[in-house]
Amino acid sequence: MSKNITTYHIIGGGISGLSCAWFLKDKKAKVVVYEEKKILGGRAYSYNDEKSNRRLDNAVHSIIGANKFMSSFINKDEWEYTKYFVDSLNYSVSTSLWKNRDILYKAFCNMPYNDISGKIKATILRLLFPYIKSKRKVWFSKQNLSQKIINVLASKADEIKLNSCLKNIKYDKDKATILDFGNYKVDLKENDKVILALNNYECAKFIPVNSIEYSSIVNITYFTSQTIFLPKGASFVAQKTGLADFVFVNDGTVTAVISAYDSAIKMNELPIKIWKEIDALRGVDSAFLPDYKISYFPNATIKQDTTSNMLRPSNAKTQYSNVFIAGDWTMKDHPCCMETAVKSAKRAMMTAFKSK
Ligand SMILES: Cc1cc2nc3c(=O)[nH]c(=O)nc-3n(C[C@H](O)[C@H](O)[C@H](O)COP(=O)(O)OP(=O)(O)OC[C@H]3O[C@@H](n4cnc5c(N)ncnc54)[C@H](O)[C@@H]3O)c2cc1C
């Protein structure tokens, strides 16, 4: 590798940080990813759960066919697809996206439909247009997020430094000069570029950005010994009514997702209440509660109402000429999801690549 080659220092090993490496794979550049945790993936990863002795995703992640980048990354044979929406009030099943848009948008934006910014709703409509079947398909991860997405993206980085938490950036006039990781420092060379691929509140530690409120998600995984069948034999259903917005079936697990959890129902009451919902969906009487794992993500995504959307940045530049930002929250008017994280990486890389 030539001595004058530009090094891209990517801070954050989530989907946006790793996608930066992906977009630089064919360019003459060196990519180093620094991640504060001991594993990659940020808000989307798989891990070995000691209690159940299984490989689990931190939370089920779904994507739609209209997610161009994410659809190209996954092998659809290894993900599952659904088209069923169930109204738990009367257990009627519907396949209409339009009639069920409130629950779909809630899943996209982790906010009740009526609270979502009109601009974000418009972006989703445009994304889905033309409303052909392949764009509307909804796929979900099967405890394979790291294997099928994170590791694939990570393979394009030249170097990955885990347990590397950026503590401080030293600036000289309009340029970053030193990255300080506490136990080691990196002196930036003339052409080097830094991409902060961090959450909003983490990014704010290093550059001035508006502070944005967050919305939470609860994910409950039940461990089942028998195969569970949902209405129409579907692997996953969206519930129009009910506590759980989505219910996903995998080999030996059933996972319920509660978007925009607002603590109206106490967390410790959720597992039994939702299990009863799942039994009702299956048309069986609730007999016993299986083992389960409940995960609460208080900062799952930023709020996506009009006020929060206006606080988001309009491009990847910062006041420093060699520092750029990526991350799902950085793309104004877009839903905060994996696809947007990838798009933000593309924008950051193009901006950084063109900058002198
Ligand atoms: C429960 C849950 C369910 C979700 N469901 C879906 C879904 O179904 N579909 C979908 O598309 N999206 C979903 N999302 C959203 C999706 O996970 C995110 O949009 C995406 O993962 C964001 O990636 P990111 O790289 O922008 O941010 P992050 O994943 O937050 O990455 C930031 C990384 O930076 C690291 N970091 C932080 N500070 C430092 C530091 N100082 N130094 C070094 N590293 C640092 C963090 O550890 C982290 O790895 C869900 C999210 C959650 C939490």
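Whatever order the structure lists them in is the order used to number ligands and atoms, beginning at 1. Being a predicted model, the structure only gives us computed values, none of them experimental.
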Can you list the residues that meet the side-chain hydrogen bond (donor to acceptor under 3.5 Å, both in side chains) rule with Asp333, with sequence neighbours excluded? Asn309

Could you name the option among Glu202, Met331, Lys161, Arg43 that has the heavy atom nearest to atom 22 (C) of ligand 1? Arg43

I'd like to check which ligand 1 atoms, numbered from 1 as shown, lie under 4.0 Å from a non-hydrogen atom of Ala59. 1 (C), 2 (C), 3 (C)

Ligand 1 atoms in contact with Asn199 (distance to a heavy atom under 4.0 Å): 30 (O)

Is Ile15 close to ligand 1, meaning an N/O of one under 3.5 Å from an N/O of the other? yes

Among the heavy atoms of Ala107, does any lie under 4.0 Å from an atom of ligand 1? no

List the closest protein heavy-atom neighbour of atom 44 (N) of ligand 1: residue, atom name, distance to the nearest 0.1 Å. Glu36 N, 3.2 Å

Which is closest to atom 4 (C) of ligand 1 by heavy-atom distance: Met338, Glu35, His61? His61

Nearest non-hydrogen contact to atom 32 (C) of ligand 1 from the set Ala197, Ser16, Gly42 belongs to Ala197

For Lys37, counting its heavy atoms only, list the atoms of ligand 1 lying under 4.0 Å from any of them. 47 (O)

Run the numbers for me: atoms of ligand 1, each under 4.0 Å from some heavy atom of Ser164, listed by number. 42 (N), 43 (C)

Would you say ligand 1 has an N or O under 3.5 Å from any N or O of Ile217? no

Which residue holds the protein heavy atom closest to atom 42 (N) of ligand 1, what is that atom called, and what is the gap in Å? Leu166 N, 2.9 Å

In ligand 1, the atoms that come under 4.0 Å of a heavy atom of Ser62 are 7 (C), 8 (O), 9 (N), 10 (C), 11 (O)

Could you say whether the N/O atoms of Glu339 and ligand 1 ever approach to under 3.5 Å? no

Tell me, yes or no, whether the heavy-atom count around Lys317 atom NZ, taken from other residues, nucleotides or ligands under 6.0 Å, exceeds 12. no

Sorted by chain and residue number, the ring-ring contact (aromatic ring centres under 6.0 Å, His included) partners of Phe288 (sequence neighbours excluded) come out as none

How about Ser164 and Tyr184: does a side-chain donor come under 3.5 Å of a side-chain acceptor? yes

Considering the heavy atoms of Gly327, write down every atom of ligand 1 situated less than 4.0 Å from one of them. 26 (O)

For Asn48, I'd like to know if atom CG has over 12 heavy atoms of other residues, nucleotides or ligands within 6.0 Å. yes

Just wondering, are more than 12 heavy atoms of other shown residues or ligands nearer than 6.0 Å to CD in Glu269? yes

Any idea which protein heavy atom is nearest atom 31 (O) of ligand 1, and the distance to it? Gly14 CA, 3.5 Å

Side chains of Asp172 and Thr177: do they bring a donor and an acceptor to under 3.5 Å? no

Counting heavy atoms not belonging to Asp251, are there more than 12 under 6.0 Å from its CG? no

Using only heavy-atom distances, determine whether the side chains of Asp57 and Ser141 contain a donor-acceptor pair under 3.5 Å. yes

Record the part of Ile11 in heavy-atom contact with ligand 1 below 4.0 Å; permitted values are side chain, backbone, both and neither. side chain

Among side-chain atoms of Ser295 and Asn219, is any donor-acceptor pair under 3.5 angstrom? no

For Met310, look at atom CE and say whether over 12 heavy atoms of other residues, nucleotides or ligands are found less than 6.0 Å away. no

Short list, please: which atoms of ligand 1 are under 4.0 Å from a heavy atom of Tyr34? 43 (C), 44 (N)

The closest protein heavy-atom partner of atom 45 (C) of ligand 1 is Leu198 CD2, 3.5 Å

Report the C-alpha separation of Lys106 and Asp245 in whole Å, then their side-chain angles, then the decisive distance to 0.1 Å, and conclude whether the salt bridge (Lys or Arg N to Asp or Glu O under 4.0 Å) test is met. CA-CA 8 Å; Lys106 190 176 175 200; Asp245 299 312; 3.2 Å; yes

For Glu190 and Lys175, run salt bridge (Lys or Arg N to Asp or Glu O under 4.0 Å): C-alpha distance rounded to whole Å, both residues' side-chain angles, the deciding distance at 0.1 Å, then the answer. CA-CA 9 Å; Glu190 182 60 23; Lys175 268 193 135 178; 3.5 Å; yes

For Gly12, take its heavy atoms, then give the atoms of ligand 1 lying under 4.0 Å from any of them. 33 (C), 34 (O), 35 (C), 44 (N)

Nearest non-hydrogen protein atom, atom 18 (C) of ligand 1: Asp328 OD2, 3.5 Å

